[in-house]
Amino acid sequence: MIRFSTFGPHIDKSDMKFVKDAMQPKSWYVNPYKYCEKFEKIFAKYHDRKFALMTPNCTLAIHLFLLSLNLKRDDEVIVSESTWIATASPVLQTKAKLVLCDVDENTWCLSINQLRKIVTKKTKVIISTSVFGNMPNYRELEIFCKKRKIFLLEDAAESLGSTYNGKKSGKFGIASVFSFHRTKTITTGEGGMIIMDDPKIFKICKIFRDHGRDHGKTKDLFNDYFAVKYMPFNLQAALGYSQFLKLKKLLNIKRDIFLNYKKYLKNVKKISFNLDNKILRNGCWATVIKIEDLKEKFYKEIFIKLAAKGYLARPFFYPVSHLPAFKNYPDKSRIRKSNAKIAIKLNKTSIVLPSSFNLKVIDIKKICEVIEKVTYKNENSKKV
């Protein structure tokens, strides 16, 4: 029986208080988006952005941004091979083509060397996922995009609290998107946010978020465009606002989990973790380990033995081009894949460790004991 899943939220009485307030009858008609607006404002300010729009989830935040660019059939959008499918799927909901790019072995993010090889005059957008709190060399990536007049969207769904050269994740590119899924550092159950500084793109996104209505220009029921609805709701935002008020506390808990894993796995050979150094301070949403030369049978054994003790770990992302979704997509001409060499290696050697807020130090010790014993067997098997 699984007692500790990979992720789990931190919900307390303060969260209940804000959600209860949003449940009051007056909240439904006096200002039904009060907490949405409060959450957007404080979230944008924290990231030094001018504008923010909350969405039902991060996937829709990405789609909303892409819709604002009015992409054409020949346009190309580059996405990392090592990411959750939500980064790639919205591209195929536009007219543009999806181009997949392998990742850097050190950062696990988009490889800038690979980008140089696959970028074309048709490339309109690069979506860079800051996977597991790691971030690419954003200084180089921003220069790369600016020189070629390419829109850079920072997918910060997994990097809330991470900083690169002292600059918060969420401040890179023309816009950034975040996730507040139930697994994330702060949660609204489901939820997302897009933040930016560009007033033109912000206005378009805001119009398309609410059935194509420009509230500052037209009558209330007089829609300017055909568009679906990506509006959040007040209960969702009340929880998000409450969670954000204790962000420092939540980031500290996540960092303690990360540091304890590093402490109790220090004797495991050829192991590495999410990046965390003088340049990149990781938000530590999830602790991930990569073990070099780990045989497949021992890799699988770690998952089995952890599950037997009630701990659910999960594998690193499968390369997007290796998912059934890629095989099943009817029009292969709309997707260009990479060799995914590094993405494949990461998937076969990396493990996302249980990182739930309810983990105790004793749980981390037990998890590390399993990993240490199995990797010891792996090392000894090479000597036979």
Side-chain angles (χ1 to χ4, degrees), residues 6-7 80-84 101-114 128-138 158-159 161-165 169 185 251 254-303 305-306 311 313-319 340-355 359 361 363-382:
T6 314
F7 304 107
S80 167
E81 282 275 14
S82 292
T83 187
W84 178 231
C101 180
D102 202 7
V103 295
D104 180 270
E105 190 162 13
N106 184 43
T107 68
W108 310 344
C109 302
L110 277 174
S111 166
I112 297 178
N113 288 335
Q114 289 299 314
S128 173
T129 303
S130 298
V131 67
F132 297 113
N134 286 3
M135 297 165 73
N137 183 335
Y138 266 117
E158 302 172 22
S159 56
S162 290
T163 60
Y164 184 82
N165 278 331
S169 177
T185 301
L251 290 173
K254 287 289 189 178
R255 174 156 287 273
D256 284 344
I257 292 171
F258 175 75
L259 293 177
N260 275 309
Y261 272 125
K262 293 190 82 170
K263 176 181 177 180
Y264 294 111
L265 287 173
K266 64 183 179 182
N267 294 324
V268 176
K269 295 181 179 180
K270 297 184 178 180
I271 189 172
S272 57
F273 293 77
N274 323 42
L275 290 177
D276 188 60
N277 49 47
K278 291 180 180 179
I279 296 175
L280 192 152
R281 181 177 173 84
N282 203 298
C284 302
W285 163 59
T287 298
V288 182
I289 55 171
K290 181 176 70 171
I291 305 171
E292 296 290 341
D293 302 326
L294 183 62
K295 293 182 180 179
E296 185 179 3
K297 70 173 183 177
F298 294 116
Y299 176 79
K300 292 179 178 178
E301 186 176 336
I302 290 175
F303 289 92
K305 294 210 165 179
L306 285 177
Y311 300 103
R314 78 178 201 189
F316 197 90
F317 291 119
Y318 295 94
K341 181 180 177 181
I342 304 301
I344 292 169
K345 181 180 178 181
L346 286 170
N347 174 249
K348 291 182 176 180
T349 59
S350 304
I351 301 170
V352 185
L353 298 177
S355 302
L359 274 180
V361 174
D363 297 305
I364 294 173
K365 285 182 178 179
K366 289 178 181 179
I367 292 166
C368 293
E369 284 171 6
V370 169
I371 296 168
E372 191 167 7
K373 287 178 181 178
V374 175
T375 53
Y376 180 74
K377 286 165 63 177
N378 180 67
E379 285 296 315
N380 283 344
S381 71
K382 300 173 189 175

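In what follows, every heavy atom counts, from backbone to side chain, and hydrogens, waters and symmetry copies are set aside. Numbering of residues begins at 1 and proceeds along the displayed sequence.
Closest non-hydrogen pair, Met135 versus Ser130, comes out as CG-OG, 3.7 Å. Taking each heavy atom of Val361 and Tyr264 in turn, the nearest pair found is CG1-OH, 3.9 Å. Closest approach of Val370 and Lys305 over heavy atoms only: CG1-CB, 3.7 Å. Ser128 approaches Leu110 most closely through the heavy-atom pair CA-CD1, 3.8 Å. Pairing each heavy atom of Lys341 with each of Asp102, the nearest pair is N-OD2, 3.0 Å. Nearest heavy-atom pair, Phe316 versus Leu346, reported as atom, atom and distance to 0.1 Å: CB-O, 3.6 Å.
No side-chain donor-acceptor contact under 3.5 Å links Ser381 to the backbone of Glu379. Remark: side-chain polar atoms of Ser80 are paired, donor with acceptor, to backbone N or O of Ser82 under 3.5 angstrom. In this structure, the side chain of Ser111 engages the main chain of Gln114 through a donor-acceptor pair within 3.5 Å. Thr375 places a side-chain N or O within donor-acceptor distance of the main-chain N or O of Glu372, the cut-off being under 3.5 Å. Looking at Asn274, its side chain does come within 3.5 Å of a backbone N or O of Ala286 through a donor-acceptor pair.
Salt bridge status for Lys270 with Asp293: present, with a side-chain N to carboxylate O gap under 4.0 Å. Ion pairing between Glu369 and Lys365 fails under the 4.0 Å rule for side-chain N and carboxylate O.
Figure legend: Lys262 and Phe273 shown as a cation-pi pair, the cationic atom lying under 6.0 angstrom from the six-membered ring centre and within 45 degrees of its axis.
Using modelled atom types and a 3.5 Å distance limit, the side chains of Ser169 and Ser162 yield no donor-acceptor pair.
Here Leu353 contributes atom CG and Thr6 contributes atom OG1; the two are 9.0 Å apart, rounded to the nearest 0.5 Å. Atom CG of residue Leu294 and atom CD of residue Glu301 lie 10.0 Å apart, to the nearest 0.5 angstrom. Atom CG of residue Asn378 and atom CD1 of residue Ile302 lie 8.0 Å apart, to the nearest 0.5 angstrom. The OG atom of Ser350 sits 6.5 Å away from atom NZ of Lys290, with the distance rounded to the nearest 0.5 Å. Distance check: Cys284 SG to Asp256 CG gives 9.5 Å after rounding to the nearest 0.5 Å.
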Checklist entry - Step by step, would you call Tyr164 with Asn137 a side chain to side chain donor-acceptor pair (under 3.5 Å)? => result CA-CA 8 Å; Tyr164 184 82; Asn137 183 335; 3.3 Å; yes
Checklist entry - Given the rule in the side-chain contact (heavy atoms from CB on, under 4.5 Å) test, do Asp104 and Trp108 qualify, once you have shown the distances and angles that lead to the verdict? => result CA-CA 5 Å; Asp104 180 270; Trp108 310 344; over 6 Å; no
Next on the checklist: Walk me through whether Val103 and Cys109 qualify under side-chain contact (heavy atoms from CB on, under 4.5 Å).
Outcome noted: CA-CA 5 Å; Val103 295; Cys109 302; 5.9 Å; no
Item to check | Verdict with supporting geometry, Leu265 and Val268, side-chain contact (heavy atoms from CB on, under 4.5 Å) | outcome: CA-CA 6 Å; Leu265 287 173; Val268 176; 3.9 Å; yes
Next on the checklist: Does Ile367 form a side-chain contact (heavy atoms from CB on, under 4.5 Å) with Tyr261? I'd like the steps, not just the answer.
Outcome noted: CA-CA 9 Å; Ile367 292 166; Tyr261 272 125; 3.3 Å; yes
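Put simply, the side chain of Thr163 does not reach to within 4.5 Å of the side chain of Leu280, judged on heavy atoms. Inter-residue side-chain proximity for Leu251 and Thr185 is flagged as met; some heavy-atom pair is nearer than 4.5 Å. Side-chain contact between Phe303 and Ile351 is present, with at least one heavy-atom pair separated by less than 4.5 Å. Counting only heavy atoms from C-beta outward, the side chains of Ser355 and Phe258 never approach each other to under 4.5 Å. Put simply, the side chain of Pro319 reaches to within 4.5 Å of the side chain of Asn347, judged on heavy atoms. A 4.5 Å side-chain heavy-atom check between Ile289 and Ile291 finds at least one atom pair inside the cut-off.
Note on ring orientation: taking the six-membered ring where Trp is involved, the planes of Phe7 and Trp285 are parallel (angle under 30°, cut-offs 30° and 60°). Between Phe132 and Phe317, the ring-plane angle classifies as parallel under the 30° and 60° cut-offs.
Within 6.0 Å of OH in Tyr318 there are 12 or fewer heavy atoms belonging to other residues, nucleotides or ligands. The neighbour count for Lys377 NZ, taken as heavy atoms of other residues, nucleotides or ligands under 6.0 Å away, is above 12. Heavy atoms from other residues, nucleotides or ligands lying under 6.0 Å from NZ of Lys295 number more than 12.
When the options Asp276, Asn282, Thr287 are evaluated for a side chain to side chain donor-acceptor pair (under 3.5 Å) with Arg255, the one that passes is Asp276. Of the options Lys345, Lys348, Lys269, a salt bridge (Lys or Arg N to Asp or Glu O under 4.0 Å) to Glu292 is made by Lys345 and by none of the others.
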